[in-house]
Each structure stands twice: as structure tokens, then as C-alpha cells.
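Okay, so here's the structure we're looking at.
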Number of protein chains: 2
Amino acid sequence: MRASETAYQLLRDEIIQWKLEPGTPLGEVETSLRLGVSRTPLREALSRLIAEGLVRTGPGRTAVVTSLSLRDIVELFELREALETQAARLAARRREPSVFEALRAEFLTGSRDASGASAEDRPYDLADALDVAIDEAAGSVYLQGALRDLRGHLARVRRSAHSNADRLARATSEHVLIVDAILAQDEALAASATSVHLHNSLANILASLPPEAAR
Amino acid sequence: MRASETAYQLLRDEIIQWKLEPGTPLGEVETSLRLGVSRTPLREALSRLIAEGLVRTGPGRTAVVTSLSLRDIVELFELREALETQAARLAARRREPSVFEALRAEFLTGSRDASGASAEDRPYDLADALDVAIDEAAGSVYLQGALRDLRGHLARVRRSAHSNADRLARATSEHVLIVDAILAQDEALAASATSVHLHNSLANILASLPPEAAR
DNA sequence: GAGCGAGCGTTTGTATACAAGGTAAAGTAC
DNA sequence: GTACTTTACCTTGTATACAAACGCTCGCTC
């Protein structure tokens, strides 16, 4: 694999998994030595991360890991609602029934065959699988591109707020509602069901981290 | 100005203004010589353009200017509708009245004071000013980022389809409708008015370039 | 003692040299 | 004559060396 790609993947993972906390400076020489690549491919990786919004250029042209305040989370969900409701609409219009029928069964039984992940990650895997299926069914390159960038930020949010069992059960039923709407090719309902899910999801996140307001 | 930034701006302008046609290969040595920069900053510029979607990597890792088919235009508008209706909603919620009152007056009189552009570009300037005002009023960094990327592609579409006087007049009235809804803080109406405008705009574009279906 | 300025050091920005990969063309064998 | 293989060139990928800009600190002056 190309060194620039390696550096990009490594840094992206570290940022999403909070191994690199917001505000961490990413000096070029230091980081390139740490990752075992030269400065040239590292700079390319940083460029991509900056374009993606996970890294920003701080004072003095230094690259630092982007912060993720409460306001950021709210704004992220405002963008997410715009993109995912549209994706749900388009998916309802163009979906391949078999894909979503399979997902529906998995949601109802809670199984996820091919996944080798741990039990506690399973609900997330299933939700991610639905996201991927909707993105693909929407069939828009540009929408998919915007969603891809968004997902990185959202993965970071997920790490900062954990769901309880009750929320997970409710989320599953919300997901089934979305799948049913897509299968019924009901665009308006698919969008509404997505909107409902996102509002509940955001409310759960906000409720789980009020003590420290700013991050 | 940094060489990488220069190269980025130059290439972006050339692509948007169709001076570089879709499919044009951007060999690193050739392009770097042409723009008068070294390969290193050029590669950074290309990275950004690839992330933005204006350039894609073709077979053999060569960079080529992205094509813009009829399908691309439709997909672009599907993304645009998602982003701009949401931006309009948020702008209606958070707008600064004076900004939009000023824009409303400009739309009705057709004037644009500070602009030094030619007469035929004026309607576009005004529409762009409204876009900027809405983006800022929406007050979401992430939404704004997604819109910024989108605008580059849309500028390219605009170049491939010209509006007649009739369409421009209708567009202006549609814009006034959007401004009024934002001023009235009617989020649903602002979104609907935006949706209407985008559908009409797309219909006009599609009608103006049917002869050659694929581009 | 405080504020301004100059110089040094560390940082990013750029260029070039080198390496590796992939593609196309040409030649040979079937 | 066609298909496959091999080789050579051209392209991109990486590393390193050099230049310039910025910040910080120390010293001088008011």
C-alpha cells in the first residue's frame, strides 16, 4: 500500500478512536517519524484530513486535530439530517428489495452472520450496514461522497457517548421502520422515519454527556 | 501566496471555466511545468481537487478532469436540494433581518452596487450573494463545508447551460420568495421555496442541453 | 520596569533526485 | 496471423536537501 494512504488511514483511525485528542498538534517531522513515513506522503495524508475536516490548520500553519464541541455535534446532525433524509428518499425510489429484506430479517433477529466483531459492537455493525445499503441504493455519487466525509465525524461522536440497552432497542425499531418504508417505496415516510431516528439519536447523545458541556 | 495554493486556484478555475475539458489528463510533470510550480505543491493541489471531486484518478494513477454527464447534473441537484433546503430552514431560524432585507431590495431593483462585474453576470452575482447569505445565516460549519464543495461543481454546470431572459425573471421572483420566507422565519416555506427554485432551475438546464445527451 | 526590536531557532514550504510500478509496444513462438 | 511474453520507457510515489517564514527569546532602550 502507498505510504500516503497508510498514513491517512492510521491518522484517521487514531482521530476517530480518540487516541489523538482534539487539539493535538501534528508536527510534520514528529508525526512522520512516528508513523514511519516521510514528510511528503504525510503531508498528502494531512491534506486529505484537512479537506475532510478532521484536522485543521491552527496558528502558525501547524496542523491540529479538530475539536468536537457540543455545538459541533448539533451542527453535524443538522447536516446529517439533510443528507440522510435525502438518501432515504432516493433509496426508497431505487432500492433493490432483496437487500433490504435481508437487513429487515437481521434487525428482527439481531443476527449478523458475516461479522466477526464482538457482541457489543453488533448493533453498530447492523446500523452501519443499513447506512451502507441506503447510500448505495440512493445511487448518487455526490451524495455518497458527502456522506462518506460525514461518517468519519459521526464515528467520533459515537465514541463520546454510549447507548444503554433501552436506547439500542428503540433504535432497532426505528431502523426497521426506515427499512419498511424503503421496501414500500414510500419516500416521504422513509425521510420522516429517518428524521425521527436522527432526532432521537441526537437527544440520546446530548443526554449522555451534559456534565462537561464543552469538549 | 503559497505555490500549492496558487496551483489549486488556477486548476480549479480552469476546470470550472471549461478551459480544461472533462477527461483532460493532468500529467504531473506537464502540469507542473505549465503552471510554473514544482511537482510537490502540484500534487497537494491535485489531492485537494480529487477530494473535492473535480479531478479523479483514472487508470494508471493518472489524474484526469472529472466528466459531467447528464446523470451527474441530476445527482448534483439531488445533493443540492438536500443541502440548500436545510440551509434555507436554518437560515430562516437564525437570520439577521437586515442582510436579507438588503438582498430583497437588490432583487427587486436588479441593482448590485459593489460589484464590478459585467451586466450579463449581474443576475448570477446576486444569486451567488443570496447563496452566501443563506450559508452564513445557517451558521453550520459542516453544512457550509459541504456546500462549498458543491458550488464548484454547480459553477461548472452553469457554464454548460445558459438561461434566457424569461428564465432569469422567473428565477428572480423565486429568489424573492425564498428571501421573504427567511425574513418571515417560516422554515417550511423557505425549504419549499428553495425546492421549487431548484426544480425549475434543473428543468431549465435540462431543457437547454438535450441535443447532446452525454457529455 | 516595561515595551520594542533584532536575532536565532524551529517550523513549514518547495524543489529535485531517486525508486518502483505500470503500460504500451515490439518481437517471437505457436 | 494472432497471442503471449518480455523489455523499455514513462508515469507516479517517496525521500531528502534546501529555502523561507514564523515565533520566541533575549537584550537594549526609553
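Each chain gets a letter, A, B and so on, in the order the sequences are listed, and its residues count up from 1. Quick note: numbers below take in every heavy atom, side chains included, and nothing from hydrogens, waters or symmetry partners.
Atom-to-atom, CD1 of A/Ile50 to P of C/dT12 comes out at 11 Å; the value is rounded to the nearest Å. Across the protein-nucleic acid pair, B/Met1 atom CE and C/dT12 atom C1' stand 17 Å apart, rounded to whole Å. Atom pair B/Leu26:CG and D/dT11:P shows a separation of 13 Å (rounding to whole Å applied). Across the protein-nucleic acid pair, B/Glu28 atom CD and C/dT14 atom C1' stand 15 Å apart, rounded to whole Å. Atoms CD (A/Glu44) and P (C/dG13) sit 15 Å apart, rounded to a whole Å. The CG atom of B/Leu46 sits 9 Å away from the P atom of D/dT12 (whole-angstrom rounding). Rounded to whole angstrom, the span from the CG atom of A/Leu42 across to the P atom of C/dT12 amounts to 9 Å. As rounded to whole Å, 12 Å separates atom C1' of C/dT11 from atom CD of A/Glu30.
When each of D/dG13, C/dT16, C/dT14 is scored by its nearest atom to the side-chain atoms of B/Arg43, the top-ranked nucleotide is D/dG13.
The side-chain tip of B/Arg104 does not point at the ring of B/Phe107 from less than 6.0 angstrom away and within 45° of straight on. Annotation: cation-pi geometry satisfied between B/Arg48 and B/Tyr8 (NZ/CZ under 6.0 angstrom from ring centroid, within 45° of ring axis).
Heavy-atom distances to DNA chain D give each of A/Gly36 and A/Gly60 a nearest nucleotide, and the one nearer the 5′ end belongs to A/Gly36.
Using a cut-off of 4.0 Å between Lys/Arg side-chain N and Asp/Glu carboxylate O, B/Arg12 and B/Glu52 are scored as salt-bridged. In this structure, B/Arg95 does not pair ionically with B/Glu101, as no charged nitrogen and carboxylate oxygen lie closer than 4.0 Å.
Neither OP1 nor OP2 of D/dA21 sits under 4.0 Å from any side-chain N or O of A/Arg61. At the phosphate of C/dT14, OP1 or OP2 sits under 4.0 Å from a side-chain N or O atom of B/Ser4.
Here the side chain of A/Ser201 pairs no donor or acceptor atom with the backbone of A/His197 at under 3.5 angstrom.
For A/Thr40 and D/dT16, a side-chain-to-base donor-acceptor distance below 3.5 Å is present, hydrogens and geometry of angles not being considered. A donor N or O paired with an acceptor N or O is not found under 3.5 Å between the base of C/dG21 and the side-chain atoms of A/Arg2.
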